[in-house]
Number of protein chains: 2
Amino acid sequence: MEAGNPGSHGGESLLFLTDEQLRKGIEAMFFAYRAFTADPDRILENYEYGRAHHRAIHFINRQPGLTVNTLLTMLGVTKQSLNRVLRTLVEDGLVEARVGRRDKRERNLFLTEKGAELERELSDAQRARMRAAYRAAGPAAVAGFRQVLEAMMDPDIRRHYQSMRETAS
Amino acid sequence: MEAGNPGSHGGESLLFLTDEQLRKGIEAMFFAYRAFTADPDRILENYEYGRAHHRAIHFINRQPGLTVNTLLTMLGVTKQSLNRVLRTLVEDGLVEARVGRRDKRERNLFLTEKGAELERELSDAQRARMRAAYRAAGPAAVAGFRQVLEAMMDPDIRRHYQSMRETAS
DNA sequence: TTGGAAAGTCAACATGGCTGACATAAAATC
DNA sequence: GATTTTATGTCAGCCATGTTGACTTTCCAA
């Protein structure tokens, strides 16, 4: 199935959809993602945290005060998985979980100063690689990169992604 | 560190390197990668295989006859990890490990017909998503996507990536 | 007041990373 | 020819992080 015919003439856009092009894209995703996580992973070895902690910290930093449920949706894991991670972060004083003002069942999550410090260390490393790649590829490539990644996301998540507040650190 | 100054005027390329841009890129990678692996993961649930098996099958299909060592380099895992996966694939008749002709210590890996079938099923799903994203983003975006991902890879791996034979299935 | 939602917890299990130790066969080197 | 190195395979055990299922507490809302 899917002939992947390189000689087809269905208009410009089809020229890029050969099996070979698609497979190269798949490999590029795999290799790039591995590099993308490698730097933070190295840093996390010095602490007693893993990649799951990094992800939680990232999103709490991006949307201070977000609820556990929202974080759950963004991470796409079960609450039991998340809770294991979140508990250690709260115990270690990197994350604060405040009882919701309007709805007291909710917990609003914030990074403490200590949490923000680790976030910075991890983020600096990850952004450095991203920045280098952006510089090497150039502005036009960066726009295309973002467009393809967005198109690849599941629609529900894409909405979250697009509406992410610009909090910066 | 890293002021990430949106108002800087260092030339066109620097305008794309604000912290916010970089963080959005980081999130895009995370969300897109999750979607990227979701379809094959769903298929693999029907078998007794996991993501690790998929990766091995992918590269054996791409470079038929590659050695265990080469596969190890591409996957970036230990031989013990790979062996656990490879053993079940050979036992189940999806992969054939032929003794090397020139160097009899080596094993050259090939997909059997059965292995090629599973490869096709997994690959079809993954390529379908990639194709949809490529179509939605357009040819220029695809080129940029590939450029940024390449720039993000570790140099050694990038060389492997670029020299990957065009075997297609 | 009752039902459901948000969060937390315990237990058990699977996958797939890892290290360390060791075995075998074959190539390469001295 | 003896020795060392390389490629592969294997066993055992550990760890991080995902899963399901069951159950509790708190609190909002109908």
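Reminder, nothing fancy here: chain letters follow the sequence lines and each chain counts from 1. These numbers were taken from a predicted model, which means no experiment stands behind them.
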With the threshold set at under 4.0 Å for non-hydrogen atoms, list the residues of residues 39-59 of chain A touching DNA chain D in residue-number order.
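Residues of residues 39-59 of chain A that come under 4.0 Å of DNA chain D are, in numerical order, A:Gly50, A:Arg51, A:Ala52, A:His53, A:Arg55.
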Under 4.0 Å between a side-chain N or O of [X] and OP1 or OP2 of [N]?
| X | N | value |
| --- | --- | --- |
| A:Asn69 | C:dA7 | yes |
| A:Thr78 | D:dT19 | yes |
| B:Arg87 | D:dC11 | yes |
| A:Ser81 | D:dT19 | yes |

By nearest atom, which of the nucleotides [options] is closest to the [X] side chain?
| X | options | answer |
| --- | --- | --- |
| A:Asp103 | D:dT8, C:dA7, D:dC27 | D:dC27 |
| B:Glu106 | D:dG13, D:dA7, D:dT17 | D:dA7 |
| B:Lys104 | D:dG9, C:dG8, C:dA26 | C:dA26 |

Taking only residues two or more places apart in sequence, or in another chain, which ones meet B:Arg107 in a side-chain hydrogen bond (donor to acceptor under 3.5 Å, both in side chains)?
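Expected list: none.
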Select from A:Thr67 and B:Val77 the residue whose nearest nucleotide in DNA chain C is closer to the 5' end of that strand.
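Whichever sits nearer the 5' end wins; that is A:Thr67.
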Can you work out whether B:Gln80 or A:Val85 has the more 5'-proximal nearest nucleotide on DNA chain D?
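Its nearest nucleotide being more 5', the pick is B:Gln80.
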Rounding to a whole Å, what distance do you find between [X]:[atom1] and [N]:[atom2]?
| X | N | atom1 | atom2 | value |
| --- | --- | --- | --- | --- |
| B:Leu86 | D:dT8 | CG | P | 10 Å |
| A:Leu82 | C:dG8 | CG | P | 8 Å |
| A:Arg98 | C:dA7 | CZ | P | 16 Å |
| B:Arg102 | C:dA27 | CZ | C1' | 12 Å |
| A:Asn83 | C:dA11 | CG | P | 14 Å |
| B:Arg105 | D:dT8 | CZ | P | 9 Å |
| A:Leu109 | C:dA6 | CG | P | 14 Å |
| B:Leu72 | D:dT6 | CG | P | 15 Å |

Hey, any chance B:Val90 and B:Tyr49 share a hydrophobic cluster, counting ILVMFWY side chains that come within less than 4.5 Å of each other, even indirectly?
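B:Val90 and B:Tyr49: one cluster.
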For atom CD of B:Glu48, decide whether the heavy atoms of other residues, nucleotides or ligands shown that lie under 6.0 angstrom number more than 12.
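Not buried by this count: 12 neighbours or fewer within 6.0 Å.
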Tell me whether [X] is salt-bridged to [Y], with the criterion being a basic N under 4.0 Å from an acidic carboxylate O.
| X | Y | value |
| --- | --- | --- |
| A:Arg62 | B:Glu20 | yes |
| B:Arg42 | B:Glu121 | no |
| B:Arg129 | A:Asp154 | yes |

Looking only at side-chain N and O atoms, does B:Thr73 offer a donor or acceptor that is under 3.5 Å from a partner on B:His160?
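B:His160 vs B:Thr73: no donor-acceptor pair found between side chains.
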